[in-house]
Amino acid sequence: MSSPCLRSRRAQARPTHLLCMLTALVLTIGLAHAQTTPPQIEQRCIECHDKDTTKGGLDLTSLTFDLADPATRDRWIRIYDRVEKGEMPPKPEDLPQPERTALVQSLATSITTADHADILAHGRGPLRRLNRDEYEQNLRDILQLPDLDIRDILPEDREGHRFNKTTDMLDMSRVQLVAYLDAAEAALHAAVTTEPAPPPVQKYRAVGTDLFPGTGTFGNREAMFFTRDSKATDLKGHHDKNEKHSAQDETLEMALFRSASWPYLGTPKHFTAKRTGNYKVRFSARAVLQQPGFVITPATKPLPMTFRTRKPAGVDIINEVHDSGGIIDIQPEKRVYETTVRLREGEAIEYSLLGLPMPLAMNPNGSAPSYRYPPFPEGGQPGLAVQWLEIEGPIESQTWPPASHRVLFDDLGIEVKPQDPQQDAKRLLRRFVKLAAREPIPEEDLKKFDVLIQQRLSKNASFAEAMLAGYKAFLASGDFIYVREPIQADDHFAIASRLSHFLTNSRPDAQLMQLAQNKKLRDPQVLRAETDRLIASAGFDRFVKNFTDCWLGLRQIRRDDPDIRLFPEYRFDEYLVESMERETRTFFTSMIRDNLPASVLVQSDFIFANDRLATHYQLPPLIGSAMRKVTLPKDSPHGGLLTQAAILKVSANGTTTSPVVRGAWVMERLIGQPPPPPPASVPAVEPDIRGAKTIRDLLALHTKSKTCAACHARFDPVGLALENFDILGGWRTHYRGLEEGKRITGIDRAGHSFSYTIASPVDTNGKLLDGRTFANINDLKTLLAANPRQLARNLLHQFTLYATGTPVRFSDRPQIESLLNACAKNNYPIRDLLHALIQSPIFLGCCSDAASQNE
């Protein structure tokens with residue numbers, strides 16, 4: 001996209017501060033004298049890396065030392081890293097330490113000079129456009145439509161270094177521009193109303209048999225029945241002449257004893273939403289236990305539930321569901337509960353009990369489908385008894401016109417009939433741009449939008465249509481979809497935008513914009529206070545979700561379903577997976593808000609858990625679905641991100657664990673020492689699910705090559721230490737197989753028989769590349785936690801990429817080390833690391849030091 005508006009933004013982004021210009025000139029002169037290859041390369045490296053040998057695919061004779069060229073500079077940075085770490089040359093005698101030190105210093109000076117000159121000339125990275133999550137959230141905030149859903153209109157953003165905020169990947173094409181226009185149009189139309197009054201509120205109440213459509217797709221009576229006085233009551237068929245009376249019988253309770261799944265459609269009878277919006281749901285319920293003979297007794301602990309929304313049976317897509325309203329813990333005593341669910345037109349709600357059996361139809365021996373309920377647990381089968389349910393909505397504000405309409409048309413009302421169309425068009429455009437833009441827009445840039453609106457009016461478009469065309473054009477312009485890097489000394493609006501998109505994934509709020517207007521954001525105390533305010537805000541949850549989705553891969557937590565042959569206990573256990581995800585996000589939030597030390601990445605004496613996770617981790621029982629901080633018993637294998645179930649799931653597949661995959665995952669994501677990619681010709685290690693061969697036997701065969709063995713020594717030991725954890729992070733002492741070993745049989749929570757074997761024991765001892773040994777996961781945690789600086793360094797690298805869209809550059813490295821020095825006290829507290837980064841020139845721009853001296 002190359003509009004005059006965008007070009008003007010780019011022109012403003014060029015550094016104009018005199019000190020920056022002089023610095024760039026000095027560095028450029030220095031760079032001109034640093035274009036000769038260091039003599040150690042010629043003397044020590046060419047023999048193995050000329051055009052004839054090219055070990056490792058590197059021909060130094062054809063590689064220039066033109067460090068002004070980004071691609072060439074990147075090659076030399078990789079060479080520097082290998083030499084600095086002692087990996088190249090691999091034999092110490094091939095490059096004696098004095099020469100190695102001299103070479104490292106020479107390369108560092110030359111590369112830093114070139115890289116810094118490039119940053120001063122062009123910025124740390126290209127202009128970054130908003131990704132689709134940020135674009136949607138910006139529009140939600142501007143239009144005051146918190147539930148606006150336009151994200152999927154935009155193409156999926158490409159990722160770089162695992163993040164969807166990387167500038168190099170967020171390019172702009174004709175397809176994307178069209179998509180931004182379509183998304184803006186959809187958002188604007190969602191904001192407009194043509195109704196003369198608020199929509200009527202739909203009210204619904206269900207008791208008796210109207211609480212559920214019937215038992216046809218639910219399973220036998222073990223799963224659902226109606227009860228009176230805690231005993232099952234016989235209700236005749238669907239066409240019973242007394243059905244209407246039963247639907248009004250408030251003495252009946254609907255008792256449910258299974259989790260939601262297709263083909264179960266547990267929706268109240270005769271209700272679908274007539275309009276899209278938020279609906280208030282109130283219901284009376286209690287947690288119960290089903291006893292033999294279909295008798296129910298009070299439960300001994302709460303039952304977690306939520307509501308799912310879906311199209312009802314026979315309407316469009318019957319399996320399109322999403323959770324809504326949050327998790328509610330139903331207590332054993334009868335209570336009234338209230339929640340809010342988001343329904344689209346034509347959708348219904350369904351009861352979704354968590355952690356209960358999910359029996360399905362089966363075809364044993366090829367016969368007709370039959371129903372089978374798993375054995376009741378000791379003490380009775382947990383369930384829910386509902387007495388009545390009410391739904392009311394949409395419950396949006398009854399102030400009319402709605403706030404979203406007033407954002408667009410101010411006080412012109414529903415019909416939008418201005419007295420002076422030309423003047424009102426100019427006024428409304430500037431009003432809207434002031435609300436939507438993240439910095440002042442020059443009057444010259446607004447004229448083209450004026451022209452567009454006037455052209456529409458001249459072609460007899462309605463005033464509202466003409467204004468929407470102008471708004472849409474602005475929301476798809478470079479002024480709106482690009483996030484500038486702060487470069488100039490007075491780039492306070494750029495700082496505000498960078499800070500808000502970093503910590504809330506959205507635009508600056510009114511307070512941040514006012515501070516930018518007053519040029520206060522280069523004041524360290526003000527910037528620190530604003531950082532703390534955003535970390536404490538509700539919008540910080542968006543940062544936590546998106547950052548952990550990318551960095552830790554939590555968006556893939558449902559990628560691989562558990563192999564029900566080997567792990568039948570995990571079949572359909574959505575409550576466990578959902579709890580795992582919440583645990584990691586809660587823990588990461590605490591890492592920052594509570595300023596925990598960087599060592600908690602691998603080791604801590606506490607976790608966050610709820611009732612389901614306490615069972616999964618074999619801890620003392622907890623009551624309720626809420627996450628809470630739990631102190632771990634001594635010598636517990638848990639604690640820290642490293643051994644959380646979500647981490648262990650995304651670093652495995654649904655069938656087996658692999659020390660290779662897990663070890664490489666941990667070294668890259670948590671430690672910040674990614675292994676090189678394997679040669680394309682080397683196959684992956686495939687565990688033997690028969691149970692005949694141990695993983696160590698397979699690794700020994702896989703790493704017969706010295707080259708493979710040397711590389712695998714960097715990460716395999718870490719993966720081996722995690723082998724006590726299965727595919728969902730459950731503790732194990734033996735592997736499972738399908739053929740070899742002691743056979744285990746039973747019935748899973750779906751009513752299906754299972755059979756697997758207990759195979760070879762797990763062996764977790766190993767030796768790190770530096771020679772340190774460990775016997776188990778706790779030993780490994782101690783070794784990894786002994787280097788908190790590396791853990792903190794990795795976090796700073798991740799934060800830098802997410803905040804600026806550009807990875808840590810070579811000339812940034814000394815600044816990163818300086819930030820680490822400043823935070824070394826108290827084991828590198830993570831909130832302190834964030835503050836240090838945000839106060840640094842990496843975040844504030846190359847002229848931040850000069851700006852602080854001159855403001």
- prompt: Just checking, is any N or O donor in the side chain of Asn610 or Ser579 under 3.5 Å from an acceptor N or O on the other one?
  reply: yes

- request: Output the distance between atom CD1 (Ile838) and atom CG (Leu503), rounded to the nearest 0.5 Å.
  value: 5.0 Å

task: Could you give me the CA-CA distance, side-chain angles and deciding distance for Arg282 and Tyr337, then say whether side-chain contact (heavy atoms from CB on, under 4.5 Å) is met?
output: CA-CA 6 Å; Arg282 298 179 70 247; Tyr337 299 89; over 6 Å; no

- request: Salt-bridge test for Lys520 and Glu530: reply yes if a basic N is under 4.0 Å from a carboxylate O, no otherwise.
  value: no

field: Output field: ring centroids Phe543/Tyr802 closer than 6.0 Å
entry: yes

task: Could you check whether the rings of Phe474 and Phe432 sit parallel, tilted or perpendicular, using 30° and 60° as the cut-offs?
output: perpendicular

message: Are Thr531 and Phe502 packed together at the side-chain level, in the sense that at least one heavy-atom pair is separated by less than 4.5 angstrom?
response: no

- prompt: Under 3.5 Å, is there a donor-acceptor pair between the side chain of Arg406 and the main chain of Pro401?
  reply: yes

query: Would you call Glu159 and Arg555 a salt bridge, taking side-chain N to carboxylate O under 4.0 Å as the test?
result: yes

- prompt: Can you check whether Ser497's main-chain N or O pairs, donor with acceptor, with Arg438's side chain at less than 3.5 Å?
  reply: no

message: I'd like to know if the side chain of Lys448 and the backbone of Asp445 have a donor-acceptor N/O pair within less than 3.5 Å.
response: yes

- request: State whether the side chain of Glu136 and the backbone N or O of Ile150 hold a donor-acceptor pair below 3.5 Å, judged by distance alone.
  value: yes

message: Suppose we screen for side chain to side chain donor-acceptor pair (under 3.5 Å). Which residues come up paired with Asp171, at least two apart in sequence or across chains?
response: Arg158

- prompt: Do Tyr135 and Leu475 come close enough that some side-chain heavy atom pair is under 4.5 Å?
  reply: yes

statement: Scanning both residues in full, the closest heavy-atom pair of His405 with Gly413 reads NE2-O, 2.9 Å

message: I'd like to know if the side chain of Asn546 and the backbone of Arg542 have a donor-acceptor N/O pair within less than 3.5 Å.
response: no

- request: Carefully, step by step, assess Phe463 and Phe409 under the rule ring-ring contact (aromatic ring centres under 6.0 Å, His included).
  value: CA-CA 10 Å; Phe463 183 80; Phe409 301 116; 7.2 Å; no

message: Please check this pair: side chain of Thr399 against backbone of Pro402, looking for a donor-acceptor N/O pair closer than 3.5 Å.
response: no

- request: Ignoring hydrogens and angles, tell me if any N or O in the side chain of Arg831 forms a donor-acceptor pair with the backbone of Arg593 under 3.5 Å.
  value: yes

- prompt: Quick one: does Arg128's side chain have a donor or acceptor within less than 3.5 Å of a partner on Val483's backbone?
  reply: no

- request: Any side chain to side chain donor-acceptor pair (under 3.5 Å) involving residues 419-430? Give me the pairs, sequence neighbours left out, ordered by first then second residue.
  value: Asp410-Arg427, Asp424-Arg427, Arg430-Glu443, Arg430-Asp450

task: Side-chain contact test, heavy atoms from C-beta onward, threshold under 4.5 Å: evaluate it for Val341 versus Asn278 and give yes or no.
output: no

- prompt: So, do Trp551 and Leu795 sit near enough that their side-chain heavy atoms are less than 4.5 Å apart?
  reply: yes

message: Given Met305, which partner from the list Thr339, Ile327, Asp329, Ile328 fulfils the side chain to side chain contact (heavy atoms under 4.5 Å, CB included) test?
response: Ile328

